[in-house]
Amino acid sequence: MKFVKLAIVFLLCCLSKINAQNYELGKVTIDELKEKIHPKDTAAPAAILFKKAKTFFTYDRKNGFSANHVYEFKIKIYKKEGLEWANQKVHYYIGYENLHEDRLEFSNGVTYNLENGTIVKTNLDNQGAFKKKVNKYWNEKMITLPNVKVGSIIEYKYTLKSENITELPDFQIQYDIPVNYFEYKTEIPEFYIYKPILIGTMPIETDAKLVNKSQSFDDEYQRTNTLSYRQISTFYKGKDVAALTNEPYVNNVDNYRGCIHHEIEQIRYPDQPVKDYSITWEGVASTIFKEKNFGKELEEKNFLLEDVRKLVTDAQSLDERLNIIFKYVQGRMNWNEKNDYYTDKGVIKAYTDQTGNVAEINFILINMLKLAGIETNPVLVSTVENGVPVYPTRTGFNYVIAAARIDDKPILLDASHKFTSPNILPLNVLNWKGRLIKSDGTSQEIDLNPSVVSKEFSNVMVKIDDSGKFEGKVRIQKTDYDAYSFRIHNASKSKESYLEKFEEQLGDLKISDYTVENKATNLTEPVIETFGFVSDNQSEIIGGKIFVNPLLFFTRSKNPFNQEKRQMGVYFGYPTLEKFSLNIEIPAGYVVESIPKPIRISSENKEVSFTLNISNQENKIQIISLKEINSSIFAAEDYNGLKELFQKMIASQNEKIVLKKI
């Protein structure tokens, strides 16, 4: 299934003229304070009664134009879970090389309460405002509104001033609580041409017009001059935006969160050549490669030469060389838990320290593979938590992996994590597309979605006695990403801790003689679990008959898709095949009265299918169950079909095998 793009570009020439309503801070009513629940979302813990913003440009002779962004919020608290909205924090950028730091200031912080029929107003004081450094690129300012309780209304305002005019902050429309009304005004000088992009699907009313504008400024002799120009004034508004609710099988909820993004296309100053910012992913990749802590670090190979020679002396093939070098780098280097596509201290120091960020570790891997004669290039990636990069921008990436090529086949590698292997990447790296870049400036798109189906095969041999007690043996084999997921979740757990949870997960059965193979070693091999078990709660005896679920303790009883409507796509992570093979021996003196009918169901596009076959011969029952999911992500439009299929699948698993006495 093709990935459903979330960005919808809307053209200003098609916009309809509207009139904005008057929403002002300080206009709080008794009726608003009395309101107990949100009228359209009774479960909402809070609601944004309105959000207003304005972006406008100011000019001075020394710095030119700066962008100013003013935001106003009015929020109603309905439940105690909504009290967290009294704490507000905003990040702002300080990591510019050629620009002054952004500046951010909160103001107009007020809490309103209704006490004895009277509106009581509590202002934010200096003790409720905080500032902290997040990292070398970002600062954060926070406020805590005073005297906030269930029923309160809070208001605040903040202003962000930035010399960065090529990247305007996104105007967020959708939150985890409802938004009753929003409006956003932009006043952009004609010198700057931006393309507005809407993320999400909510309707927005807009109006745009070209107007005359002038600003006064002091020249170099402190004389007042006037700069006259035309500006594009645009107004966006909307209402009744539903909360973006948590849904199962979602990679990153922010990929679906409604917002307005402004992408710079051109700067057209008078009497100067037009500066074109209509960049492509190829242009982004080329620019990144030219940075000294990227491209230059990929030339630092000589210090690795001797180690590479020792490692590959006896290697008979390029595949063997790749595996030896990958395991060496993975074992030697330790990730400092920092994601980046730029190096920090550099590959030489990282190699000496045996510790580095993602870029340093994977650049060492790339350089060593190149020295071993294997064509290898970096691949820029956006991790799941960084979002899907739907438009070309350098901030669209935050990670880098390696792509080797042997016999014209690509092999994706990430040595920064301990349980990865060739073509098995960290789960948060499986995020749509990456961008492979070469030293000559060329680049190509790389599909990060796994093409190989990860498999989990479970074989069960079980005997049932006349009291309904089960006793048997199980062998579970997991491959590829199913094996990787098992390793990252369980490698550090003790056997006792793991089995306690596993027994509970399987319905409180008792496990014995448990063994596991390839849990932390032989990472390209399947993880294999074997164990014996006994259970006396996997069947029901009613009227002398024994009732058994066909898949025993592997039976699913709840549909994960239980919402009426779906806002977001359904993300499974990677294609999977789940197979259960069960052989059940029924107790002496019993025969099979009935077994569920075989079933085969599939989605309309055949990307999800389920098969259940049950046969009976004498005192043996054989069961084969197959569930295949052949795509990583499905559009929200496919939700109802998935929901119905999963419901049928679960219903078939819960039809009983009925045993009766002879």
If we count only N and O atoms by modelled type, under 3.5 Å, do the side chains of Glu105 and Ser107 hold a donor and an acceptor together? no
Is the distance from the ring center of Tyr249 to that of Phe634 below 6.0 Å? no
Is the ring centre of Phe57 less than 6.0 Å from the ring centre of Phe191? no
Is the Tyr23-Tyr181 ring centre distance short of 6.0 angstrom? yes
I'd like to check Asn339 versus Glu385 (side-chain heavy atoms, cut-off strictly below 4.5 Å). Are they in contact? yes
Tell me, do Pro426 and Asp414 make a side-chain contact under 4.5 Å, heavy atoms counted? yes
Heavy-atom side-chain contact between Gln174 and Val179 under 4.5 Å: no
Below 4.0 angstrom, N of the basic side chain to O of the carboxylate: do Glu35 and Lys76 qualify? no
If the plane angle is over 60° it's perpendicular, under 30° parallel, otherwise tilted; pick one for Phe65 and Tyr192. perpendicular
Lys/Arg cation over aromatic Phe646: Lys643, 6.0 Å, 45° cone: no
Ion pair check, Asp254 and Arg257, cut-off under 4.0 Å: yes
Centroid separation under 6.0 Å, is that true for the rings of Phe106 and Tyr158? yes
So, do Phe73 and Tyr156 have ring centers that fall under 6.0 Å from each other? yes
So Ile173 and Met202, do their side chains get closer than 4.5 Å, heavy atoms only? yes
Hey, are Thr58 and Asn68 close enough side-chain-wise for a donor-acceptor pair under 3.5 Å? yes
Go through the side-chain N and O atoms of Asn180 and His38 and say whether any donor and acceptor fall under 3.5 Å apart. yes
Thr144 and Asn87: side chain donor to acceptor below 3.5 Å: yes
Could you tell me whether Glu32 and Lys74 make a salt bridge, using a distance below 4.0 angstrom between a side-chain N and a carboxylate O? yes
Any chance CD of Glu81 has more than 12 other-residue heavy atoms, nucleotides or ligands included, within less than 6.0 Å? yes
Count the heavy atoms belonging to other residues, nucleotides or ligands that lie under 6.0 Å from CZ of Arg230, then report whether that count exceeds 12. no
Would you call Asp207 and Lys237 a salt bridge, taking side-chain N to carboxylate O under 4.0 Å as the test? no
Would the number of heavy atoms belonging to other residues, nucleotides or ligands and lying under 6.0 Å from CG of Asn246 be above 12? no
Any idea how Tyr59 and Phe217 line up, ring-wise: parallel (<30°), tilted (30 to 60°), or perpendicular (>60°)? perpendicular
When you check the gap from the basic side-chain N to the acidic O, do Lys239 and Glu205 get nearer than 4.0 Å? no
Test: Lys40 and Asp240 ion pair at under 4.0 Å: yes
Mark yes when over 12 heavy atoms from residues, nucleotides or ligands other than Glu337 sit less than 6.0 Å from its CD; otherwise mark no. no
Going from CG on Asn449 to CD1 on Ile633, what distance comes out if it is rounded to the nearest 0.5 angstrom? 8.0 Å
Is the distance between the ring centroids of Phe182 and Tyr236 under 6.0 Å? no
Look at Glu72 together with Lys54 and state whether they make a salt bridge at an N to O cut-off of under 4.0 Å. no
Distance under 6.0 Å and angle within 45° of the ring axis: does Lys51 meet both against Phe171? yes
Side chain to side chain, Lys157 and Leu25, heavy atoms closer than 4.5 Å: yes
Pairwise side-chain contact, Leu33 with Ile153, heavy-atom cut-off 4.5 Å (strictly under): yes
So among Thr383, Asn252, Asn386, Val388, which one has a side-chain contact (heavy atoms from CB on, under 4.5 Å) with Asn431? Val388
Closest non-hydrogen contact found for Phe419 with Tyr484 is O-CD1, 3.0 Å
What about the rings of Phe397 and Trp281, do their centers lie closer together than 6.0 Å? yes
Atom NZ of residue position Lys133 - does it have more than 12 heavy atoms of other residues, nucleotides or ligands inside 6.0 Å? yes
Any luck finding a side-chain donor-acceptor pair between Tyr96 and Asp102 under 3.5 Å? yes
Any side-chain donor paired with an acceptor under 3.5 Å for Glu140 and Tyr92? no
In terms of ring plane angle, is the pair Tyr137 and Tyr93 parallel, tilted or perpendicular, where the classes change at 30° and 60°? parallel
Audit row: Ile204, Leu198, side-chain contact (heavy atoms from CB on, under 4.5 Å) steps and yes/no: CA-CA 9 Å; Ile204 294 181; Leu198 171 65; 3.5 Å; yes
May I have the step-by-step check of side-chain contact (heavy atoms from CB on, under 4.5 Å) for Tyr342 and Glu291, ending in yes or no? CA-CA 8 Å; Tyr342 287 140; Glu291 295 286 347; 3.0 Å; yes
